[in-house]
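Residue numbers begin at 1 in each chain, while the letters A, B, ... track the order of the sequences. Every value quoted in this text rests on a predicted model; they were computed, and no experiment measured them.
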There are 2 protein chains.
Amino acid sequence: MTSGLRERKKLATRLALHQTALQLVAERGLDGVSVDDIAGRAGVSPRTFFNYFPTKDDAVVGIDASAVGQAAERFAARPAHESPVEALRAVHAQQAAEMAGEPETLWPLRLRVIDEHPVLIARLHAVFGSAERALAEAIAVRTGTTVGADLYPTLLAAVSGVAVRAALHAWLASDFTESLPALVDEAWDVLAAGLPAPRP
Amino acid sequence: MTSGLRERKKLATRLALHQTALQLVAERGLDGVSVDDIAGRAGVSPRTFFNYFPTKDDAVVGIDASAVGQAAERFAARPAHESPVEALRAVHAQQAAEMAGEPETLWPLRLRVIDEHPVLIARLHAVFGSAERALAEAIAVRTGTTVGADLYPTLLAAVSGVAVRAALHAWLASDFTESLPALVDEAWDVLAAGLPAPRP
DNA sequence: CCGAAAGGTGCAGTCAGTGCAAAGTTGCGC
DNA sequence: GCGCAACTTTGCACTGACTGCACCTTTCGG
């Protein structure tokens, strides 16, 4: 199904561009790398680069909105008896586990590079943002309200993004020694408790 | 103190550029407006435009990080007996009140324009993001931890940004009929309660 | 009124990103 | 195997954001 030669080649090229971009930016910084550099080292023409990513920044971040958008679908598929927060926690647990399953070094490198460049942080936020809009819709359906009429869907969707980003940040801060799923869970514990000041 | 001719002129030019940018983008969309257009109508050279804003997008959003950075200072200045959440709520209440005090139409127009352009949403997030980093430091001080060692400061700082953004979004959705401070407060009520599903 | 400091401007250049049309590849029915 | 249709890659030309530099104009303090 996904195994046409065309499909596989496209996937491979996309990944090659992303990894090349990451590596070069890690070495020289975002401004020290041009699209021509990335395309050249990945073995395609500069023009082709833009068939795969709309901007240079997107190639470095390398996460497409569709992958993140599945969160909303999974949320909608959770059993109806779960509260919104419970359902979200379950979805995040699954996602965090999948991320841990990807090639070892990809996420660490990605996060390190993104963390050093505010522009890329913003890009990452933008990707999350579009996912959160979809999620807000799904939450509204589950709680029987609409996005326009009630704060809750927007708020919870945004908080869910925060939980993941805070966990990713802590993961990076721990130099990837801690468990990502555990960090996500910890973040949700704090959120579900209403953000009480931690005991020192 | 702030009343040198130079100072006032700079402020005026900055505001003129921002308002011109907003107005033009509202009429023609972000891609229908060039920097030359904005500079021309605001009565300065295109080159001068970039003395005031680093990018076209920043001119449209028109919020500089320093203004947002004061949140961290105000937070640090809150009485020590307040919990982090209490202190944040107080800071936000003050900020929301100040925003309501600005020229009537500026925020509505800003929010409408930003909301229509994902790139600008990302820019706004970036501005908030830098403020949140400063805030996280201040929170870490107040709770006796460090940003690297504990999830809490990052998490709470990000949540505070979410509270404001969700309130702004709801304000826009209400066509600016509701009270912004009330919306911010409402968002914090939900957050402080641990995000329980709303009663329908 | 003058000299120093700061802001405004023109110029030339780099690079991101796009539309278009001409190759080059791949998939598929025969 | 063959060849046509569909898709991808690529080169080219162009727009527009953004920058460094050098020069001019305005403001400020004495």
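Under the rule for a ring pair (Phe, Tyr, Trp, His ring centres under 6.0 Å), the partners of A/His92 that lie at least two apart in sequence or sit in another chain are A/Trp188. Partners of A/Arg89 according to the side chain to side chain donor-acceptor pair (under 3.5 Å) rule, which considers only residues two or more places apart in sequence or in another chain, are A/Asp185, A/Asp189. Legend: residues meeting side chain to side chain contact (heavy atoms under 4.5 Å, CB included) with B/Glu98, ordered by chain and number and at least two apart, are B/Gln70, B/Arg74, B/Gln94. Remark: A/Phe50 engages A/Val35, A/Arg47 in a side chain to side chain contact (heavy atoms under 4.5 Å, CB included) (not counting sequence neighbours). Shown here are the side chain to side chain donor-acceptor pair (under 3.5 Å) partners of B/Ser179, two or more places apart in sequence or in another chain: there are none. Take A/Ala167 and apply the side chain to side chain contact (heavy atoms under 4.5 Å, CB included) test, not counting sequence neighbours, and it matches A/Leu180, A/Leu183, A/Val184. Residues that satisfy the side chain to side chain contact (heavy atoms under 4.5 Å, CB included) test with B/Ala138, not counting sequence neighbours, are B/Phe75.
For the pair B/Lys9 and D/dT27, the criterion of a side-chain N or O lying under 4.0 Å from OP1 or OP2 is met. Between A/Lys56 and C/dC15 there is no side-chain polar atom (N or O) within less than 4.0 angstrom of OP1 or OP2. Contact between the side-chain N/O atoms of A/Tyr52 and the OP1/OP2 oxygens of D/dT8 is not found at any separation under 4.0 Å.
Listed candidates were D/dT9, C/dT25, D/dA17. Nearest to the side chain of A/Asn51 is D/dT9.
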Report each atom pair, protein N/O against N/O of nucleotides 11-13 of chain C, whose distance is under 3.5 angstrom.
none

Step by step, would you call A/Arg41 with A/Asp36 a salt bridge (charged side-chain N to carboxylate O under 4.0 Å, His left out)? CA-CA 8 Å; A/Arg41 197 186 281 200; A/Asp36 289 29; over 6 Å; no
Trace of the side-chain hydrogen bond (donor to acceptor under 3.5 Å, both in side chains) decision for B/His18 with B/Arg110: CA-CA 10 Å; B/His18 170 48; B/Arg110 252 207 279 253; 2.9 Å; yes
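Over its length, the helix from C/dC1-D/dG30 to C/dC30-D/dG1 turns its helix axis by 30°, as judged from the five terminal pairs at each end, rounded to 10°.
Atom pair B/Phe50:CZ and C/dC15:P shows a separation of 17 Å (rounding to whole Å applied). Protein atom CZ of B/Phe49 is 18 Å distant from nucleotide atom P of C/dG7, rounded to whole Å. Atom P of nucleotide C/dG7 and atom CZ of B/Phe53 are separated by 15 Å, given to the nearest angstrom. Per the geometry, CZ belonging to B/Arg8 stands 18 Å off P belonging to D/dT26, to the nearest Å. Rounded to whole Å, the distance from CG on A/Asp57 to C1' on D/dA17 is 14 Å. Atom P of nucleotide C/dA5 and atom CD of B/Glu7 are separated by 17 Å, given to the nearest angstrom.
For residues 155-172 of chain B, the set of pairs meeting the salt bridge (Lys or Arg N to Asp or Glu O under 4.0 Å) definition, not counting sequence neighbours, comprises B/Glu132-B/Arg165. Sequence neighbours left out, the pairs with a member in residues 140-187 of chain A that pass ring-ring contact (aromatic ring centres under 6.0 Å, His included) are A/Trp171-A/Phe176.
Nucleic acid contact for A/Pro54: sugar-phosphate only, since backbone atoms but no base atoms lie under 4.0 Å from a heavy atom of the residue.
Listed by residue number, B/Val33, B/Ser34, B/Val35 are the residues of residues 17-45 of chain B with a heavy-atom contact under 4.0 Å to DNA chain D.
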